Amino acid sequence: MERHGLRFNKGYGQNFLINEAVPKRIAAECGAEADEGILEIGPGIGTLTCELCRLYKKVVAVEIDTSLIPALQETTAEFDNLTILNADVLKVDLPSLIAKEFDGMKVTVCANLPYYITTPILMGLLESGCRFENITVMIQKEVALRLCAKPGDADYGAVTASVARYGQVSRLFTVSAGSFMPAPKVDSAVIRIKIDAVRRYTVKDERIMGRTIRGAFAQRRKTLVNSLASEFGELNKEAIAEVVIAAGLAPDVRGERLGIPQFAALADALTAALGK
């Protein structure tokens with residue numbers, strides 16, 4: 001970094017791994033097979049990138065910070081199975097990128113994500129329509145606990161259910177703050193989302209499913225009926241109560257008690273009530 005005149009960019013939430021055992025383990029446990037492709041987001045100066053290139057057939061690394069590209073090219077110079085793209089992953093046409101760069105290969109996402117933008121990146125990947133095998137990321141430990149929570153747990157929330165629509169989440173291991181430079185104020189954890197080959201549920205309207213989950217957690221201390229009323233202003237509270245009952249749920253249930261099958265039934269009942 002000194003040789004390239006680089007400084008850590010707080011605006012991009014940069015914390016680079018300096019414990020070499022961590023990227024080795026992330027790469028090894030990301031869930032991919034040797035002949036598969038890897039999409040890495042935010043490679044930084046290539047600590048994880050090098051390990052991924054050693055283990056997998058092809059790696060595409062998307063880095064938003066233009067100033068890091070020369071250093072990244074230097075640290076990864078020995079690998080001929082790497083493509084570096086200087087781009088914002090939130091603005092990239094992911095389906096086109098995957099089709100162009102991986103040519104039919106199975107693809108796993110593996111990344112050390114900035115804390116401040118974890119959820120937008122995860123949801124962008126999941127909602128992109130791309131068929132990823134796994135999404136393995138290092139994120140803030142608190143967020144990892146939330147994503148791995150079960151219905152009824154204190155950490156269970158809208159993002160938990162939103163991610164669970166697409167696959168099974170598991171926590172692989174914890175990473176101490178001292179493994180980074182600069183050291184963040186909290187520990188991190190590596191999670192893996194095993195994407196469902198076949199969706200575990202079907203709904204009439206995916207958009208209503210999304211609104212249902214969002215609305216269910218809009219007011220956590222209130223009943224599901226009251227909480228949904230803030231999201232579905234098109235329906236009065238009495239109509240929403242009827243919808244909840246029609247979905248096979250108790251009228252006084254709270255949103256944090258519902259799993260994906262219950263949310264799917266509720267979304268379909270709401271779709272019918274809205275005349276969609």
Side-chain angles (χ1 to χ4, degrees), residues 1-20 22-27 30 32 36-103 105 107-128 130 132 134-140 143 175 179-184 188 190-191 193:
M1 290 184 70
E2 287 179 0
R3 188 166 64 256
H4 286 276
L6 298 174
R7 296 291 181 270
F8 294 103
N9 190 322
K10 292 183 178 179
Y12 291 143
Q14 290 174 349
N15 301 91
F16 295 161
L17 280 165
I18 56 173
N19 179 347
E20 66 179 33
V22 175
K24 288 180 183 294
R25 187 172 178 186
I26 295 172
C30 74
E36 295 181 11
I38 302 291
L39 174 65
E40 185 187 9
I41 299 164
I45 57 174
T47 313
L48 176 58
T49 316
C50 291
E51 301 301 333
L52 293 169
C53 288
R54 290 187 180 101
L55 293 178
Y56 303 106
K57 185 174 182 179
K58 181 172 184 181
V59 177
V60 175
V62 181
E63 175 55 60
I64 190 174
D65 189 348
T66 304
S67 69
L68 293 179
I69 301 301
L72 180 60
Q73 290 173 331
E74 177 184 318
T75 61
T76 61
E78 65 180 283
F79 301 105
D80 60 5
N81 60 337
L82 170 66
T83 299
I84 299 171
L85 300 178
N86 182 199
D88 181 350
V89 73
L90 293 176
K91 297 179 180 178
V92 168
D93 182 341
L94 283 173
S96 295
L97 170 65
I98 298 301
K100 175 184 176 182
E101 297 293 342
F102 292 105
D103 191 26
M105 296 170 62
V107 180
T108 279
V109 176
C110 191
N112 170 20
L113 295 183
Y115 290 165
Y116 79 101
I117 203 167
T118 294
T119 299
I121 290 178
L122 277 181
M123 295 313 301
L125 292 167
L126 292 168
E127 294 172 353
S128 68
C130 298
F132 298 115
N134 306 277
I135 297 177
T136 301
V137 290
M138 182 158 54
I139 57 178
Q140 187 175 343
V143 177
V175 181
S179 296
F180 299 88
M181 179 185 291
S188 301
V190 179
I191 64 163
I193 307 170

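For this chain, numbers begin at 1 and follow the sequence in order. Computed from a prediction, not measured in an experiment: that's the story for all the values here.
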Shortest non-hydrogen contact between [X] and [Y], atoms and distance:
X: Ala32; Y: Asn134; value: N-ND2, 4.2 Å
X: Ala111; Y: Ile41; value: CB-O, 3.4 Å
X: Asn81; Y: Tyr56; value: ND2-O, 2.9 Å
X: Ala87; Y: Val92; value: CB-CG2, 3.8 Å
X: Ile26; Y: Cys110; value: CG2-SG, 3.5 Å
X: Ala61; Y: Pro43; value: CB-CG, 3.7 Å

With rounding to the nearest 0.5 Å, note down the distance linking [atom1] in [X] to [atom2] in [Y].
X: Glu127; Y: Leu94; atom1: CD; atom2: CG; result: 11.5 Å
X: Cys30; Y: Glu40; atom1: SG; atom2: CD; result: 10.5 Å
X: Ile69; Y: Leu85; atom1: CD1; atom2: CG; result: 8.5 Å
X: Cys50; Y: Glu20; atom1: SG; atom2: CD; result: 11.5 Å
X: Thr118; Y: Leu122; atom1: OG1; atom2: CG; result: 6.5 Å
X: Asn112; Y: Ser188; atom1: CG; atom2: OG; result: 7.0 Å

Is the backbone N or O of [Y] less than 3.5 Å from a side-chain atom of [X], with the two atoms forming a donor-acceptor pair by type?
X: Tyr115; Y: Val143; value: no
X: Thr75; Y: Ile45; value: yes
X: Glu63; Y: Gly44; value: yes

The test is side-chain contact (heavy atoms from CB on, under 4.5 Å); show your working for Ile38 and Leu55 and say whether it passes.
CA-CA 10 Å; Ile38 302 291; Leu55 293 178; over 6 Å; no
Checking Val190 against Thr136 for the side-chain contact (heavy atoms from CB on, under 4.5 Å) test, could you report, in this order, the C-alpha distance in whole Å, the side-chain angles of both residues, the deciding distance, and whether it holds?
CA-CA 7 Å; Val190 179; Thr136 301; 3.9 Å; yes
Qualifying residues under side-chain contact (heavy atoms from CB on, under 4.5 Å), relative to Ala99, sequence neighbours excluded
none
Beyond-backbone contact of [X] with [Y], side-chain heavy atoms, under 4.5 angstrom:
X: Arg25; Y: Val22; result: no
X: Arg54; Y: Phe79; result: yes
X: Ile117; Y: Leu90; result: yes
X: Val62; Y: Leu39; result: yes
X: Ile193; Y: Phe132; result: no

If you count heavy atoms of other groups shown closer than 6.0 angstrom to CG of Asp93, is the number above 12?
yes
